[in-house]
Amino acid sequence: MAGGAAVVDSSSKVYPGRMSAFVIFASLVAACGGLMLGYDIGISGGVTAMSSFLQPFFPDVYRKEQGIVSSNQYCKFDSHKLTFFTSSLYLAALLVQWPASYSTSKHGRKLSIIIGAVIFLLGAAFNAAAIHVAMLYIGRLLLGLGVGFVIQAAPLYLSEMAPSKSRGSLNTIFQLMITIGILVANLIQGGWGWRLSLGLAALPAAIVLLGSISLPDTPNSMIERGASEEDVKKNLRRIRGTDDVHEEYQDLCDACANASKAANNNNNNKLAIFQRKYVPQMVMTFLIPFFQQLTGINVIMFYAPVLFQTLGFGNDASLMSAVITGLVNVAATGVAFLVVDRYGRRPLFLEGGLQMLLSQVIIGSLIWKVFGVAGVASVSKGYAYGIVALICVYVAGFAWSWGPLGWLVPSEIFPLEIRSTGQGINATINMLMTFVIGQVFLSLLCATKFGLFFIFAFFVLSMTLFVAFFLPETKGIPIEDMSKVWSQHWFWRRFVPCEDSTRRVEMV
């Protein structure tokens, strides 16, 4: 606003209104995009351990798995063709990020979610009907395109719909849905055929598609795309459950005006995000998803049944172990939902990092002691239970820290003028790293043996130190005023120009 003024503390700004039932419903529908991703993560690892799936499509892996061809335990499932079945989805999600970012910015968050659900439905149909490997790959690529649109739009939708005091909890629902999807997939794959297991991916996509049709777009997106004041205020009243929405509406308009001015100054250049004043946000949106995937979580979630079989568990035991870790994943993400807006982002990041670090070091040490380098051994029940327990400790640490916060923090830190682009970069890095880890994990396990767990532990240590020194707390800050947290940080304030350091002022 214009005029000489006094700065208002952004962290104390609370708009009138309450957590309305409509916001909860809208958030649940958008968060079901996480159900799509989670189900796919869980089911892809499950079907790749099914003999009925491996024999017709990946016979070389089937022969090693059945012992027809001798193989080191670490290398039993090492096949680039097999891992590409899993990782191709993430490659497609990576490639679609820029079109998805454009759609989210120009046509709204809601439409991007709908597009993603429709494409995902087609991919599920291809996979369920596959009669050769090419159809499997086409289906996976379509699933990836759908996921790419959804992960671009859904976290933004959740962050922009939520009241600032509850933004963390509502955004965490996205990760909670991912964990529920993984758990459901692990429960299904125990006794169901691979066609039905893959085809049921259509169910969460149908939920998202049907639910999204009835939802409005976010007030931020409506203003950005030129909606009338009457329509935006009507939507705000419905979302906030109060008629007193003028102050929030005006702040959103001011933020949009600043965004429009910045965009015009940059000639609407997408590369404007690389300007010096956005360096703090850019570093976060690169390193948070980068580190999130290097925690090693996808080693567990992609290939849980395969990993447990590699460690010497039988088929039934490996599936049961995957179900147990899935239950822990859901429960721990629920903990994050309850505490993220009470204690903040930084404490969860730091505690979760230390918990993952310790459990990974111990897991690697146990596997080293049992299998050594040769990779030939049988696992006693005591060791088996111990490994499962430690993996549960590790999964819990991820699920209440880097899991939900890896989506929440990047979605809330960007100003409106580059928010869609920033989320696109976040999703791009996330999918790139997920693709790389998914593609090379089994080969790395074969090459580095137990050392792989120590490699991931090193990255967990690095990312925990990164958070301790460089990530400011964003709890309770209105999303349109987030620039203030950078101007007050000991390191990042050198990048934020004076005019951006106090976005919240009162007219004198």
Side-chain angles (χ1 to χ4, degrees), residues 15-38 100 103-105 107-118 120 146-147 149-181 203-225 227 230-245 248-249 252 256 333-334 336-338 340-341 404 407-408 411-412 416 419-420 423 427 478-480:
Y15 297 113
R18 56 184 172 80
M19 178 70 75
S20 65
F22 178 74
V23 166
I24 295 174
F25 171 73
S27 299
L28 285 173
V29 170
C32 280
L35 195 63
M36 294 162 51
L37 178 57
S103 171
T104 302
S105 178
H107 304 296
R109 287 51 164 153
K110 170 184 172 179
L111 183 60
S112 287
I113 294 173
I114 291 174
I115 292 172
V118 171
F120 196 91
V147 164
F149 272 91
V150 169
I151 65 173
Q152 158 65 221
L156 289 184
Y157 189 94
L158 290 165
S159 288
E160 293 179 349
M161 288 289 283
S164 59
K165 62 183 179 181
S166 304
R167 188 175 62 245
S169 296
L170 285 185
N171 204 290
T172 300
I173 297 176
F174 185 79
Q175 179 67 20
L176 180 62
M177 288 296 184
I178 292 178
T179 64
I180 291 174
L203 184 57
I207 294 172
V208 173
L209 177 60
L210 296 176
S212 297
I213 292 173
S214 63
L215 297 183
D217 220 326
T218 66
N220 310 64
S221 180
M222 292 176 68
I223 295 172
E224 184 181 19
R225 293 180 292 117
E230 180 181 355
D231 288 342
V232 177
K233 284 188 172 181
K234 180 180 178 180
N235 191 22
L236 268 175
R237 293 187 192 101
R238 190 180 181 191
I239 292 171
R240 302 295 179 236
T242 179
D243 291 333
D244 187 9
V245 298
E248 183 174 4
Y249 170 77
L252 290 173
C256 188
T333 305
F337 172 80
L338 295 174
V340 66
D341 284 317
W407 294 105
L408 167 60
S411 73
E412 67 182 359
L416 183 61
R419 191 170 298 156
S420 292
Q423 180 61 17
I479 196 169
E480 62 272 18

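Below, all heavy atoms of this structure are taken into account, side chains as well, without hydrogens, waters or symmetry copies.
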- [ ] Let me see the working for S411 and N171 under side-chain contact (heavy atoms from CB on, under 4.5 Å), right down to the final yes or no.
- [x] CA-CA 9 Å; S411 73; N171 204 290; 3.2 Å; yes
Open item on the list: For a quick test of reading the model, state the closest non-hydrogen atom pair linking I113 to A153 and the distance between them.
Closed with: CG1-CB, 3.7 Å
TODO: Could you give me the CA-CA distance, side-chain angles and deciding distance for I178 and L35, then say whether side-chain contact (heavy atoms from CB on, under 4.5 Å) is met?
DONE: CA-CA 5 Å; I178 292 178; L35 195 63; over 6 Å; no
- [ ] Return the set of residues passing side-chain hydrogen bond (donor to acceptor under 3.5 Å, both in side chains) with T333 (not counting sequence neighbours), or none when no residue passes.
- [x] none
Task: Residues forming a side-chain hydrogen bond (donor to acceptor under 3.5 Å, both in side chains) with S112, sequence neighbours excluded - done: S103, T104
Task: Rounded distance (nearest 0.5 Å) linking atom OG of S105 with atom CD of Q152 - done: 9.0 Å
Task: Residue list, side-chain hydrogen bond (donor to acceptor under 3.5 Å, both in side chains) with T218, at least two apart or on another chain - done: E160
Task: Gap between atom CD of Q423 and atom CD1 of I151 - 0.5 Å precision - done: 7.5 Å
Open item on the list: Taking salt bridge (charged side-chain N to carboxylate O under 4.0 Å, His left out) as the cut-off, I'd like each qualifying pair that reaches into residues 20-37, sequence neighbours left out, listed once.
Closed with: none
Task: Counterpart residues, salt bridge (charged side-chain N to carboxylate O under 4.0 Å, His left out), relative to K233 (two or more places apart) - done: E229
TODO: Determine, stepwise, if the pair C256 / N220 fulfils side-chain contact (heavy atoms from CB on, under 4.5 Å).
DONE: CA-CA 8 Å; C256 188; N220 310 64; over 6 Å; no
TODO: Using the test side chain to side chain contact (heavy atoms under 4.5 Å, CB included), find all partners of L210 that sit at least two apart in sequence or belong to another chain.
DONE: none
Task: Under the side chain to side chain contact (heavy atoms under 4.5 Å, CB included) test, residues paired with P219 that sit two or more places apart - done: M161, V232, N235, L236, I239, L252
TODO: Only pairs at least two apart or in different chains count here, so list each salt bridge (charged side-chain N to carboxylate O under 4.0 Å, His left out) that has a residue in residues 209-221.
DONE: D217-R225
- [ ] State which residues pass salt bridge (charged side-chain N to carboxylate O under 4.0 Å, His left out) with E224; sequence neighbours excluded, sorted by chain then number.
- [x] R109
Open item on the list: Just so I know, are the side chains of V23 and L170 near enough to count as touching, which here means a heavy-atom distance under 4.5 Å?
Closed with: yes
- [ ] Could you tell me which residues satisfy ring-ring contact (aromatic ring centres under 6.0 Å, His included) with F174, sequence neighbours excluded, listed by chain and number?
- [x] W407
Open item on the list: Please give me the minimum heavy-atom distance between L176 and T179, naming the atom from each residue.
Closed with: O-OG1, 2.6 Å
- [ ] Under the side chain to side chain contact (heavy atoms under 4.5 Å, CB included) rule, collect the residues that match up with L111, sequence neighbours excluded.
- [x] H107, I115
- [ ] Check the pair I114 / F149 against side-chain contact (heavy atoms from CB on, under 4.5 Å), numbers first and verdict last.
- [x] CA-CA 9 Å; I114 291 174; F149 272 91; over 6 Å; no
Open item on the list: Determine whether a donor-acceptor pair (N or O, by modelled atom type, separation under 3.5 Å) exists between the side chain of S159 and the backbone of L156.
Closed with: no
Task: Qualifying residues under side chain to side chain contact (heavy atoms under 4.5 Å, CB included), relative to V150, sequence neighbours excluded - done: M36, A154
TODO: Might you point out which heavy atoms bring G168 and V340 nearest each other, and give the distance in Å?
DONE: C-CG1, 3.4 Å
Open item on the list: To the nearest 0.5 Å, what is the distance between CG on L408 and CG on D341?
Closed with: 8.0 Å
Task: Nearest-0.5 Å distance, SG of residue C32 to CD1 of residue I180 - done: 8.5 Å
Task: Flag side-chain contact, heavy atom, 4.5 Å: M177 against L28 - done: yes
Task: Nearest heavy atoms of F337 and T172, plus distance in Å - done: N-CG2, 3.7 Å
Task: V208 versus A117, closest heavy-atom pair with distance - done: CG1-CB, 4.1 Å
